[in-house]
**Q** 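A single structure is presented below for examination.
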Protein chains: 2
Amino acid sequence: MVTIKDIAKKANVSISTVSLVLNNKGYVSPETSERILNIINDLNYKPLHSARKLATRKTGNIGYIIWENHFSEVEMFYSQIFLGMEYAARESDYYILLTTVKDDFDPKTDLPRFLKYNDVDGVVLAGRVPHSLVEYLDKQRMPFVLVDYGIPGKIYNSVLIDNYNGAFNAVESLIQSGRKRIAFVGGTFSHPSIKERFRGYKEVLESYNLISDGHLKKYTHLEDAETSREIGEKGVSILLTEKLLPDAIFCCNDTTALGALTEIQRKKLKIPQDIAVVGFDDIPTAAFNLPKLSTVRVPKLLLGKEAFKLLNDVIDNPRLPAQTRLISTEFIKRESS
Amino acid sequence: MVTIKDIAKKANVSISTVSLVLNNKGYVSPETSERILNIINDLNYKPLHSARKLATRKTGNIGYIIWENHFSEVEMFYSQIFLGMEYAARESDYYILLTTVKDDFDPKTDLPRFLKYNDVDGVVLAGRVPHSLVEYLDKQRMPFVLVDYGIPGKIYNSVLIDNYNGAFNAVESLIQSGRKRIAFVGGTFSHPSIKERFRGYKEVLESYNLISDGHLKKYTHLEDAETSREIGEKGVSILLTEKLLPDAIFCCNDTTALGALTEIQRKKLKIPQDIAVVGFDDIPTAAFNLPKLSTVRVPKLLLGKEAFKLLNDVIDNPRLPAQTRLISTEFIKRESS
DNA sequence: AAAATATATTAAAACGTTTCGATATAATAT
DNA sequence: ATATTATATCGAAACGTTTTAATATATTTT
């Protein structure tokens, strides 16, 4: 195994000098530097990470935590965010340790290994995540970033989707194609993202004067259960008991929308002629479904990349005031609208 | 930060002794041991991994490599395998580093970071994976395990699905429910798993004497493109040009089967009355589709767990002759058959 | 009773880096 | 010419562990 010593010997310099060029720090003459670099290359020397970490007291890892169910679920949403982070991490030599936390998480007993053993320099939390965990990280002064989630009343470093405008634009497109009675179906209403999507929905209707008395009562179906196809099916089946059927349904996300499509088809209504449906997220299934689902595309890789970059900034400068970076979306019109 | 020195001082022993109890090695009296353990607990001491790794020359990491497209895809198959590994790893203090490799992978330039920098003690490769990578690992004497993939003509450590029996049983169930003309639709025919599924399909038909002259020509549709819904749709649309329609279709996996369902519905045929469909994998979508897809369940978490265990064995004993562990499947009958 | 072995503890070296002064020379400012 | 400052290099300590070999005592075997 070739070490920094071998390089130093061969280059006739001290290991300090080699270390300096390795980290390009301090002063070292261009000639020596180049000579050393060549030798490093020739011998295919790679600094041993564990030694380096011991000396620098950094771990070189960052943690990625998601709620267990989110990772077991049908869709790749959070895996894509992970992938975005991994791509970004490749350039800065960080490794990403992925773990899940249980629903009934308790920091006393269920702390992820990498937190327990101090094996990460920072953490990204994606999606809905136990508040006790966030508080724990905050108390421990562990740098962290929330992705696609926020805790009401608290300001943390976070990367968020521009849910409000995404919803606003999507519903506006429905309006512009002539829809008048636009319904909303959603689950997990306690989730800030969903709340924002609902706000976008509501405000665009208001601005086009499409909210009559009782509209919200009749045409919105909100639950606080985890979003799922079932929520979509159930929501639609209730909506379809109205005497005046909605002519479009904006769903809080694609999973819900897929359920909605299923239920509408089961009731023998035509999509999009009778009822148009629009989702949110652009999960891969959306493009393969029959009919193909119109939706708001969330750039998941970008979300991961930005989370990584923000976390890096926070690690480098821990006393930075908390900031939020908004990632904008794109409306994708397909067959369902 | 509390180190082994602090423990030693407080316990009035040398750090060697503390280290010994930490790794329960050598001789240390029960009394001292307990005293030390208590202090460790009181001070909440955790050995610093980088220091430990430096001393032991182990990395404490194992790599998980999948083909890029497999991780970007619709289904969570490989993420679930990862999760199974992660669960298993929790007990033995390994971290798992996930990375993807590109389709046109070249070991000279595209080597995953953790291989380039020697940051893993072993590697799990899941699904179809560049042969050049496998050869590279073999040459480097890096312990590795293949999951759900094999390279024809080579014997490597691997954890495989019992594809043959899975297919055999699934098709047998179709036969027992009275189906006579059972078709096969598949992609990626170069993949050993798919070959095995096909073999199971063929042999059960033979054993029930259901393969007439020309059956395979008429009723099997094999492509060597990556499996996808499109493959399923296309395969079915060709099958449905036969004068005597098949009364059941066994698909090489669920993704393909979902495409098949779509195409059958588009042609206004009834499932399962006119045609039954059975998939393979039991991806989450299978249970949510309309109709719900009958399929062969592959225990993905278990697959990951076994891969991890086997890799561990190989790391501990590198000269073990290569072995293959077969994971058996379960037929899940739902609405489509 | 002596020799051999098992038990218990430790000092010191080693693992491969980074970093902090120290030292020396070269360039620039006074 | 002298004092500063910039450039270049290095020795040695430090990071927190594990491990080897040494030492000491207790127990067992001969």
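Chain identifiers are assigned alphabetically (A, B, ...) following the order of the sequence lines, protein sequences preceding nucleic acid strands; residue numbering begins at 1 within each chain.
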**Q** Run the numbers on A:Leu310 and A:Gln323 for side-chain contact (heavy atoms from CB on, under 4.5 Å), then give the verdict.
**A** CA-CA 9 Å; A:Leu310 177 53; A:Gln323 57 178 294; 3.6 Å; yes
**Q** Give a yes/no answer on whether the side chain of A:Ser14 brings an N or O atom under 4.0 Å of OP1 or OP2 in D:dG11.
**A** no
**Q** Taking atom C1' of C:dA26 as reference, at what distance in whole Å does atom CD of A:Glu31 sit?
**A** 13 Å
**Q** Under 4.0 Å from any atom of DNA chain C, heavy atoms only: list the residues of residues 47-58 of chain B that qualify, in numerical order.
**A** B:Leu54, B:Ala55, B:Arg57
**Q** Looking at the base of D:dA8, is there any donor atom on it, or on the side chain of A:Thr32, that sits under 3.5 Å from an acceptor on the other one?
**A** no
**Q** Counting N and O atoms only, with roles assigned by atom type, does the side chain of B:Ser132 sit under 3.5 Å from a partner on the main chain of B:Asp106, one being a donor and the other an acceptor?
**A** no
**Q** Using a heavy-atom cut-off of under 4.0 Å over every strand shown, decide if B:Lys25 touches base, sugar-phosphate, or nothing.
**A** sugar-phosphate
**Q** Roughly, in whole Å, what's the span from CG in B:Leu20 to P in C:dA8?
**A** 12 Å
**Q** Which part of the nucleic acid, if any, lies within contact of A:Asn12, taking any heavy atom under 4.0 Å across all strands shown: a base, the sugar-phosphate backbone alone, or nothing?
**A** sugar-phosphate
**Q** Checking all strands, does B:Thr3 fall into the base, sugar-phosphate, or nothing category for heavy-atom contacts under 4.0 angstrom?
**A** sugar-phosphate
**Q** Measure the distance from CG on B:Leu22 to C1' on D:dT19 and round it to the nearest whole Å.
**A** 14 Å
**Q** Using a 4.5 Å cut-off on heavy atoms from C-beta on, say whether the side chain of B:Val147 contacts that of B:Leu160.
**A** no
**Q** Please report, rounded to the nearest Å, how far the P atom of C:dG16 is from the CG atom of A:Asn23.
**A** 17 Å
**Q** Expressed as a whole number of angstroms, how long is the span from B:Tyr117:OH to C:dG16:C1'?
**A** 17 Å
**Q** Write down the distance between CZ (B:Arg35) and C1' (C:dT9), rounded to a whole number of angstrom.
**A** 11 Å
**Q** Is there a donor-acceptor contact under 3.5 Å linking the side chains of B:Ser50 and A:Ser50?
**A** no
**Q** If you apply the rule salt bridge (charged side-chain N to carboxylate O under 4.0 Å, His left out), what do you find for B:Glu91 with B:Lys305, and how did you get there?
**A** CA-CA 11 Å; B:Glu91 275 144 44; B:Lys305 186 177 167 189; over 6 Å; no
**Q** Return the value, rounded to whole Å, for the distance between atom CD1 of A:Ile4 and atom P of C:dC15.
**A** 14 Å
**Q** Please work out if A:Ser29 contacts a base, only the sugar-phosphate, or nothing of the nucleic acid, heavy-atom cut-off 4.0 Å.
**A** sugar-phosphate
**Q** Please confirm whether the shortest side-chain N or O distance from B:Tyr27 to OP1 or OP2 of C:dA8 is below 4.0 Å.
**A** no
**Q** For the residue pair B:Ser16 / B:Ser19, report whether a side-chain donor-acceptor contact shorter than 3.5 Å exists.
**A** no
**Q** Identify whether any heavy atom of B:Ser19 sits under 4.0 Å from a base atom; if not, whether one sits that close to sugar-phosphate; answer base, sugar-phosphate or nothing.
**A** base
**Q** Could you go step by step and tell me if A:Arg35 and A:Glu31 meet the salt bridge (charged side-chain N to carboxylate O under 4.0 Å, His left out) rule?
**A** CA-CA 6 Å; A:Arg35 183 157 40 94; A:Glu31 300 81 43; over 6 Å; no
**Q** D:dG16 P sits how many Å from B:Ile7 CD1, rounded?
**A** 13 Å
